[in-house]
J.: 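The structure under discussion is supplied below as structure tokens; questions concerning it will follow.
Excluded from the calculations below are hydrogen atoms, water molecules and symmetry mates; all remaining heavy atoms, backbone and side chain alike, are included. Note that the coordinates shown come from a computational prediction; the quantities given were computed from them, not determined experimentally. Residue numbering restarts at 1 for every chain, and letters A, B, ... go by the order of the sequence lines.
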Number of protein chains: 2
Amino acid sequence: MRMSFKEKIKGIGGNASYEAKARALRAQLEAKIPAGLKLPSAILEDPPLDVTRIPEICGLLTVQELAITELDATAVCQKIAVGELTAVEAVTAFGKRAAIAHQLTACLTDFFLDEGIRQAQQLDEYFQKEGKVIGPLHGLPISIKSHYPLKGTVGCGGFLVNTETSTEDCDMISILRSLGAVFYVKTNQPQSVMHLESKSSCGRVLNPHNTNLTAGGSSGGESALIAMKGSCIGLGTDIGGSIRCPSAHCGIYGIRPSSRTTPIRGLLWYQHGQDGVFASSGPMCRSGRDMRLFLEAVLGANPSLRDPDVLPIPLKVPDLTQKKLRVGIMMHDGVVMPHPPTIRALNLVKEKLEASSEVEVVDYIPYDHDRGYNIIRELYYEDGGATVRRILEESGEDMHPLTEWVISPPHVKNHDAAQIWKLRDQRDDYRREYSDHWWSQNVDVVVCPPFQGTASRHDTAKYWGYTAIWNLLDYPGAIFPTGLVADQAVDIYQELPIPMSAADEYNISLYDAAIFKGAPVSLQTVSRRFNDGLVLAAQDVIERIIQS
Amino acid sequence: MRMSFKEKIKGIGGNASYEAKARALRAQLEAKIPAGLKLPSAILEDPPLDVTRIPEICGLLTVQELAITELDATAVCQKIAVGELTAVEAVTAFGKRAAIAHQLTACLTDFFLDEGIRQAQQLDEYFQKEGKVIGPLHGLPISIKSHYPLKGTVGCGGFLVNTETSTEDCDMISILRSLGAVFYVKTNQPQSVMHLESKSSCGRVLNPHNTNLTAGGSSGGESALIAMKGSCIGLGTDIGGSIRCPSAHCGIYGIRPSSRTTPIRGLLWYQHGQDGVFASSGPMCRSGRDMRLFLEAVLGANPSLRDPDVLPIPLKVPDLTQKKLRVGIMMHDGVVMPHPPTIRALNLVKEKLEASSEVEVVDYIPYDHDRGYNIIRELYYEDGGATVRRILEESGEDMHPLTEWVISPPHVKNHDAAQIWKLRDQRDDYRREYSDHWWSQNVDVVVCPPFQGTASRHDTAKYWGYTAIWNLLDYPGAIFPTGLVADQAVDIYQELPIPMSAADEYNISLYDAAIFKGAPVSLQTVSRRFNDGLVLAAQDVIERIIQS
């Protein structure tokens, strides 16, 4: 039986007390969206699977607003800086479109366009008075993932019970504010903030290109919103793929910087001090250049002076006209074979790169990714998931099947102190072996899948290996859309594959060409730790060659 | 009753099986020291408290050898580089003097001068043939703390039972070797590598200036050896004061760099993966410029390309002629008041600096050092010391009272996973609060005690607050000798102090001006994380002013 749209977009349930609180929170959010921005119920009752065109055809946005929302962040900043656009115009356009996006994808958890407009007015006044911008992000509307505390807005640390109205900005927000950014929405993330999908008490985030698929997670509110053009740039976090997976699934850009180069202090979370592997904060956006704009602006504000845990390592974007870039292509990780659309994209990229004189192409051999993946899965919940179970039991929130999966054996188990040290020692050994392996491969960057397929069906994303392995190694990774979309006419198995692992068998079972129709096919560019600038520069070169 | 010298220098005992192994190891070391370098028993039966002059008067070294051993590392490198000295001459002189030093201080755990001379011969041949040095440390003899694996030599991870003859160089050794360094001795460290003294199965390291006092620890073999001029530069490690305390106690220089800027991978150790706080590796030496020589050479070899855990943060030594340095003086940490000699040195330094127009002097107020110290003490042994107890029980090695102290309540307790996260969260909060505090103090560097007095009496070093607090914060710290020595005529309490804490009461009880006679008085220069270059530059300025 076909699921109704209303059913599909519904959030996580729970006991009566939980349901009452969740209802109140959702009602609070609905009430913040102006009546004039509500979509007609005719649309909401049965929208098409691809909802990306609705903002253009629903009639709620002006031609000018639609034009503004086509801009990337760099263009928004540039136009504001030369007086061609005001900050108020920018945030108004993106804010209105965000309200529409939310009704179609459940991408938001808070909406405060009025406050954004007030902030924008002050910036416009400053610009008029001083004749210059206040910082490199002057007037840029930035959407913010729910778990970043932003003064006066609703945020959550993965569960309804740790939802709060923040009384202060965290470091990252405070830095962005000082650079001139404007805030207007907070975005949805999954229960536990540890799924590669995004279903929370606020709703399930749908993929705008095909609402039967997930927008990815955990920064899925961001990816859906940005793909809907309700934001040109947003702020995500990534400890296992949470920036890269949703960016890939929605056909946008996103980079997970090397951890501790960008601030993460103060995030709403439920396992503070869990430091076996670090989350990283970074941008999700609609162009390659926007990733650089964001990172240069944030690192330019010297976050390490404020946060002693941030490393003062500058972003160095190399000039690749001076050398022949060596690109490794990793077709699969030896554990799970990507679905046909991703293989098609990899083959295309390989072909194009091999035909170019600008780069040298190498077959990249993965090094024991299964072992690395097992280590990071174990690192996420060294208490065997006890904290998560306790939170859910005490608060009456239903456990989502992906939460159950992520905190359960065989990957997850309880550790005493000596077992934690042993696990972390295994992590360090793996990192060292991988580093030696990387050098043996003679590559500058690796192009690889960001996931074992395009966006997955809801509640099925149970393998993180294509992103989490790079978190364990702390290798920066960026996502770019290949321009291809899943096509049921061509993306079919020539013969049924022989599974490489249980995870592979599961992944093969999930594939049905018709289901993934219209899903963007994206790839990931990775390099060694702290080579974030090389990733950005190389991805530019690679994209240019692919598009040529 | 006065303890005989033989009794004083004796190592840690154990059960019969342990004793047999310890005896064999000691005999092996004794056998490596040539008969021609043995001191007459007349000297060894009852040496003076200050043994620093014995190498000069014992007649075992030539005038030329004595002259060579007066050189600092920079001078050795310079002379070799211009052909005024050969690598063989250098290592021979230091090696012979090291053999003498060992008999008086138990500073060595392995002696392989033959191998050093072979290495030096190859370097001399290279120099003669190529007319240039192989690297910035060409021909420099470097002494190595026991727990660094160095191919073919004996090393130990804190207990007799984890003693090994290493089959490979660890990263740091391999880098030093590639830079031209010559190896000839390994040096003693305490049981557990976690005392601010250095008594092991190999013997108790005595302070050359006063053998009733400790040479400090855990890199106490290094400090005694360097103070005896049996080495001009050595390699130590520091996770709670282990480079700085022994450097201070023996009147030499030493820096604990910000952790993870220099390689530590592969160290012999018994709690691998214990990553709540990181050890740091750095030089101990006889001049300020030697610390810079060492760090520039090692960082210049790009250790982060080899070890993915090393941070690629360069050493930036600022030019302080361009700005007025703001020096905070921290007279005490609010927990334990230093003994009179240290207070005298601080007052002298303050006076001299205040009289100088080159610097601005500020009274530095410590921020809750007691809390920070409690956190790091808890971080060292998150398993409640169970691993250490097990190792000692299984191997029959006696537990040294300082081992018992360092793994016992109230500081140490067993933790489960959630408790470990909580502890590490407390660490992160403290670091952030301290960072805010530092900025409020408006200083570039802080000059403070490296210990609550000069070198302490054996088996009494039970407060690490003056060094360990900076490990917790990961603020680099360097040691310099003030040129003062403890003087029983002036270093007396004017009135008996009122204790600030139980640790202070204990420290007061340890003081007796006569006991510390001749002990060097040293100070510590500290700055924020990753400001290692500023520490070096500032310490140069401060020393110059003090000596003027």
J.: Among Ala418(B), Pro312(B), Gly276(B), which has the most heavy-atom pairs under 4.5 Å with chain A?
T.: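 When all of Ala418(B), Pro312(B), Gly276(B) are compared, Pro312(B) has the most.
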J.: Which atoms of Leu305(B) come close to chain A, meaning under 4.5 Å heavy atom to heavy atom: side chain ones, backbone ones, both, or neither?
T.: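 Its backbone and side chain both get close to chain A.
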J.: Please tabulate, one pair per line, the N or O donor-acceptor pairs under 3.5 Å between chain B and chain A.
T.:
residue: Asp171(B); atom: OD1; partner: Arg432(A); partner atom: NH2; Å: 2.9
residue: Asp171(B); atom: OD2; partner: Arg432(A); partner atom: NH1; Å: 2.7
residue: Asp171(B); atom: OD2; partner: Arg432(A); partner atom: NH2; Å: 3.3
residue: Arg265(B); atom: NH2; partner: Asp429(A); partner atom: OD1; Å: 2.6
residue: Asp275(B); atom: OD1; partner: Arg424(A); partner atom: NH1; Å: 3.0
residue: Asp275(B); atom: OD2; partner: Arg424(A); partner atom: NH1; Å: 3.4
residue: Asp275(B); atom: OD2; partner: Arg427(A); partner atom: NH1; Å: 3.3
residue: Asp275(B); atom: OD2; partner: Arg427(A); partner atom: NH2; Å: 2.7
residue: Leu305(B); atom: O; partner: Trp439(A); partner atom: NE1; Å: 2.8
residue: Leu305(B); atom: O; partner: Arg528(A); partner atom: NH2; Å: 3.3
residue: Arg306(B); atom: O; partner: Arg432(A); partner atom: NE; Å: 3.3
residue: Pro308(B); atom: O; partner: Arg529(A); partner atom: NH1; Å: 2.8
residue: Glu382(B); atom: OE1; partner: Trp421(A); partner atom: NE1; Å: 2.9
residue: Trp421(B); atom: NE1; partner: Glu382(A); partner atom: OE1; Å: 2.9
residue: Arg424(B); atom: NH1; partner: Asp275(A); partner atom: OD1; Å: 3.0
residue: Arg424(B); atom: NH1; partner: Asp275(A); partner atom: OD2; Å: 3.4
residue: Arg427(B); atom: NH1; partner: Asp275(A); partner atom: OD2; Å: 3.3
residue: Arg427(B); atom: NH2; partner: Asp275(A); partner atom: OD2; Å: 2.8
residue: Asp429(B); atom: OD1; partner: Arg265(A); partner atom: NH2; Å: 2.6
residue: Arg432(B); atom: NE; partner: Arg306(A); partner atom: O; Å: 3.3
residue: Arg432(B); atom: NH1; partner: Asp171(A); partner atom: OD2; Å: 2.7
residue: Arg432(B); atom: NH2; partner: Asp171(A); partner atom: OD1; Å: 2.9
residue: Arg432(B); atom: NH2; partner: Asp171(A); partner atom: OD2; Å: 3.4
residue: Trp439(B); atom: NE1; partner: Leu305(A); partner atom: O; Å: 2.8
residue: Arg528(B); atom: NH2; partner: Leu305(A); partner atom: O; Å: 3.4
residue: Arg529(B); atom: NH1; partner: Pro308(A); partner atom: O; Å: 2.8

J.: Pick one of side chain, backbone, both or neither for Leu423(A), based on which atoms fall under 4.5 Å of a heavy atom in chain B.
T.: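 Neither part.
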